[in-house]
Amino acid sequence: MKLKKLAIAAVCAFVATGAFAAKKATDTTPDQDLKAYHDFFMKRFPGVPLQEFANGIYAVNSISRQNWEAIEEFPPYDPMVEEGEEMWNTPFTNGKTYASCFNGNPAQRPNYPHWDDARKTVVTLPMAINECRTKNGEKPLKYAKGPITRILAYMAYQSRGQKTNVTIPNKDALAAYNKGKEIYWKRRGQLNFNCGSCHVQSSGQHIRTNVISPALGQTTGWPVYRSKWGELGTLHRRFKGCMKQMRAKPYKPQSEEFRDLEYFLTHMSNGIEFNGPSARE
Amino acid sequence: MRKAAKHATIALSLAAMFTGASLMPQVASAGAESATKGKELAWNRKKGNCLACHMMKDGVSPGDIGPPLVAMKARYPDRQKLFNQIYDATKTNAETRMPPFGKHKILSNAEINAVIDYLYTL
């Protein structure tokens, strides 16, 4: 009921977004960005509380929300969380477990992505999982779908309720953040979109029958069970899918480009609780 | 019937004169047949896919990212202006979300002209 009103407001509230796109990445600091994006989306979707953005499109569209609420009553990802728990508890061939890499605690979601200053790179949770495996003599897992989404689902489930808090500790980290921001706002592909064309400028609107989610909160719910996929997928699988929609050549899951993009996009959601895994259309 | 065919031949030769001048609309392509083809192009997801963003008369499940395309003849008496908007919308609005159909070769000039013939029926 309250949401119905919100959906209408979303379509009417047309706020100029050129301010984000036109600027050079280095023109604004991460703190300024955080405030600007939060302000933008709070204005565009008046009355939607910050935490609600964790639910993607269902935060701002009352029609699709009803169906989604029904799905979340019996979450399709539940068995996969259990499979992930089993992976967590099953020793590698050397006798150790994932716990040995993560201080014995599966609730690691809030610690990723983070800047690794020794290696001068952004480390994401899927990357840390594979590094744990190879360190213990196991083969790395594929990054888009399959077994990695199970262990991610379990770790995400254990992390529910903790808040996103990405930090950008120094100049090198800032450079990676800015690279991610540039990738976000660079027009690409035959259709000449950037990510913000859809998830900032068109958020809450329809592209044919698809409603487009706001960029804010897009990183909290992973891995996601998508009805279209019929299974769980990772955040980078979605990045890749969106780049294909732009008719652009996508980067690879866990490439430096996608990790920088994740660093930028996750920072935007600072203050919003992790709520993965989740279900989407 | 025969007259129409002759008309089309003239249209083709006129069009040929303009090849190379990419921004020049080929004025002579008007006609019901062209409008029908234009409608197909405008609705087809792989081609214009204008319905993704614009409401157009009778179009099923349109998006709402761009304004409804109505009363086009009244609002765009200047065919060139319409052509330019479809060819490269970034020229009028640098932050536009509308793809540059001509510039990025999503639609050929002839296809854009067919779309315009269709738009003029709206």
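Side chains included, hydrogens not; waters and symmetry mates left out as well; all remaining heavy atoms used. First the proteins, then the strands, lettered A, B, ... as listed; each starts at 1.
- Aromatic ring centres of A:Tyr143 and A:His236 lie farther apart than the 6.0 Å criterion allows.
- Side chains of A:Thr29 and A:Asp31: a donor-acceptor N/O pair is absent below 3.5 angstrom, by distance only.
- Side-chain polar atoms of A:Asn67 and A:Ser64 form no donor-acceptor pair below 3.5 angstrom.
- B:Asn113 and B:Arg79 are linked by a side-chain donor-acceptor pair at a separation below 3.5 angstrom, with hydrogens and angles left out of the test.
- For residues 209-229 of chain A, the interface with chain B (any heavy-atom pair closer than 4.5 Å) comprises A:Thr209, A:Ile212, sorted by residue number.
- Side chain to side chain, B:Asn109 and B:Tyr87 fail the donor-acceptor criterion of an N or O pair below 3.5 Å.
- When each of A:Trp185, A:Phe258, A:Phe239, A:Tyr177 is tested with A:Phe264 by the rule ring pair (Phe, Tyr, Trp, His ring centres under 6.0 Å), just one qualifies, namely A:Tyr177.
- Options B:Cys53, B:Ala94, B:Ser61, B:Gly66 differ in how many heavy-atom pairs under 4.5 Å they form with chain A, and the most are formed by B:Ser61.
- Proximity to chain A (any heavy atom under 4.5 Å) is shown, for B:Asn49, by both the backbone and the side chain.
- Between the side chains of A:Asn178 and A:Thr26, no donor-acceptor pair of N or O atoms lies under 3.5 Å.
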